[in-house]
Number of protein chains: 2
Amino acid sequence: MGALPRYQEIAGELRAAIYRGEYQPGDNLPQRVDLMNRYGVSKETVSKVYRVLEAEGLVQATRKSGTRVRRHPERLQLTRERTAYRDEIGYFFDLSAQHWRALGPVEINRAPAPGEIARLLDISPGTEVVIRDRVMGDPDTGRVFQLTASYLPADLVDELPVLESVDTGPGGIYDRIEEAGHGPLTWYERLSARAATAREVKLLALAPGVPVQRIVRTSTDPRGKVCEINAISLSAELHEIGYPIERHPSARPST
Amino acid sequence: MGALPRYQEIAGELRAAIYRGEYQPGDNLPQRVDLMNRYGVSKETVSKVYRVLEAEGLVQATRKSGTRVRRHPERLQLTRERTAYRDEIGYFFDLSAQHWRALGPVEINRAPAPGEIARLLDISPGTEVVIRDRVMGDPDTGRVFQLTASYLPADLVDELPVLESVDTGPGGIYDRIEEAGHGPLTWYERLSARAATAREVKLLALAPGVPVQRIVRTSTDPRGKVCEINAISLSAELHEIGYPIERHPSARPST
DNA sequence: CAGTGGTCTAGACCACAAC
DNA sequence: TTGTGGTCTAGACCACTGA
């Protein structure tokens, strides 16, 4: 027996075969019973093999018709602008997602701030914040594309109760915050990724093993107080974020 | 019995308890035997529960001392500039990662282009390309931070054999490509994320369930030919990519 | 060296989707 | 209807690691 457990070895062989192109997207992989015989292992072990590959997003199993190599969908190019625009409804940060709308009403709750958010808001973890949750998507097809959560520190909401109401008026929370003397806000975005939560898998209809891409935007007032954090989750399989690179004078073309 | 399998139900309860803060980072979760008794399930089922939570990057098991809620490391802010710089060694696209160096020699191979790369190079999948693989990291600690692969179409390498050699001279492949009449190159970057491959888990020392962030840069010559694709994999847990947002005139401050 | 996680089995049963 | 994936068990054994 090698250093790796049996099921990892078998997963490795199948993975390599997929990368070599022996199994093309859409092809069926050997079914459970065949692998049991071929490698002389039990059904549970074979299941473990396929669970590993499924968690990697490589294969997809359907009852009766077998386990297939996944076809990866084309990625939607999400040209994330580094510029904030504003229209009659409010602010937007994304030219290519301009037609997405909230599917259903905003959900507003008070809850302890998750660790990452507390750190960015510069409050101690577990402190209560106001959370405005939105499910965004294509209003025509009803397809969900992103989950948005807006985190507001409790002291700011006490000062500005409108932030806890469903309709925050023209220009949305940013205009209200700026009117209350916190303007002009400056924005900063951070891009990261992590494994999907159960909620994200369900709402974004993620295939097993697909991570989410995160866009976390902080809004800071001129005194340096972080007034809001806006966290977006997107399917990492469906989206990519693109931008052109400019040449610095040090990188002059040599033609 | 509900709609979900038993192990998913139990995983859900533990997950919720972690989010509620009943188990803090560093705390021990109940051990296998306790959960067997509490829920009246077998050891394999309990293992499956913890395998789910581990794949989500929520918990980490160590023999003898139990299964703990993971502490997530601080993210290294990777301020990805939108500007290409150049020094005596070559081009760089990342101010904050300037001191990273190749750990070990470049590995150069000819292999069929993976689907994603073929699409960007505008060649049919499986066409042979030249791949230059590098492992980058901190030269002092030896810690690996990113895997870099540079994909070059075979016809360009036939025209410019130096692209297949280890030392490509001052300014690297970009200067060689531009000197050969393909300059000035224009660059475009795409950010995405996906589940880690086995190689990435090993080389980047990723914890189970941690995805990789991908930065894929295309270099295009003035005639529109894509001359190179540079694909970087980073631990999504360790890095985030940040940038400030500017105000468009439409988003004037309302103070 | 004992305790905990990790792997594996043989066999049972369920549930869904294609036929 | 039936074949396929999916779940679960009871019990065995291994392997690492912290006291």
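Quick caveat, the model's predicted, so the values are computed rather than measured. Convention: sequence-line order gives letters A, B, ...; per-chain numbering from 1.
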Check the distance between dG6(D)'s C1' and K43(A)'s NZ and give it to me in whole angstrom. 7 Å
Salt bridge E56(A)-R15(A), side-chain N to carboxylate O under 4.0 Å: yes
Does dT9(D) have its OP1 or OP2 closer than 4.0 Å to a side-chain nitrogen or oxygen of T45(B)? yes
Could you walk me through whether S235(B) and V210(B) pass the side-chain contact (heavy atoms from CB on, under 4.5 Å) test, one step at a time? CA-CA 7 Å; S235(B) 158; V210(B) 173; 4.0 Å; yes
Q8(B) CD to dT7(D) P, in whole Å, measures 7 Å
Closest nucleotide among dC8(D), dA10(C), dG5(D) to the S42(A) side chain: dA10(C)
Interatomic distance, R6(B) CZ vs dC14(C) C1' [rounded to whole Å]: 16 Å
Base of dG6(C) paired with side chain of K48(A) (donor-acceptor, under 3.5 Å): no
Can you tell me how far C1' of dC8(D) sits from CZ of R32(B), to the nearest Å? 17 Å
I want to check one thing: is the phosphate of dG5(D), taken as OP1 and OP2, less than 4.0 Å away from some side-chain N or O of T67(A)? yes
Electrostatic pair E13(B):R38(B) at N-O distance under 4.0 angstrom: no
Spacing between K64(B) atom NZ and dA19(D) atom C1', to the nearest angstrom: 6 Å
Output the rounded distance in Å from CG (L53(A)) to C1' (dG5(D)). 15 Å
Does S65(A) place a side-chain N or O at less than 4.0 Å from the phosphate oxygens OP1/OP2 of dG5(D)? no
E9(B) atom CD is separated from dC8(D) atom C1', nearest whole Å, by 13 Å
Tell me whether E116(A) is salt-bridged to R190(A), with the criterion being a basic N under 4.0 Å from an acidic carboxylate O. no
Tell me what Y50(A) touches on the nucleic acid: a base, only sugar-phosphate, or nothing, going by heavy atoms under 4.0 Å. nothing
To the nearest Å, how far apart are E44(A) CD and dA12(C) C1'? 12 Å
With a 4.0 Å cut-off on N to O distance, would you call E189(A) and R214(A) a salt bridge? no
If you assign each of R63(A) and V41(A) to its closest nucleotide in DNA chain C, which residue comes earlier from the 5' end? V41(A)
So, is Y7(B) close to the dT7(D) phosphate, meaning a side-chain N or O under 4.0 Å from OP1 or OP2? yes
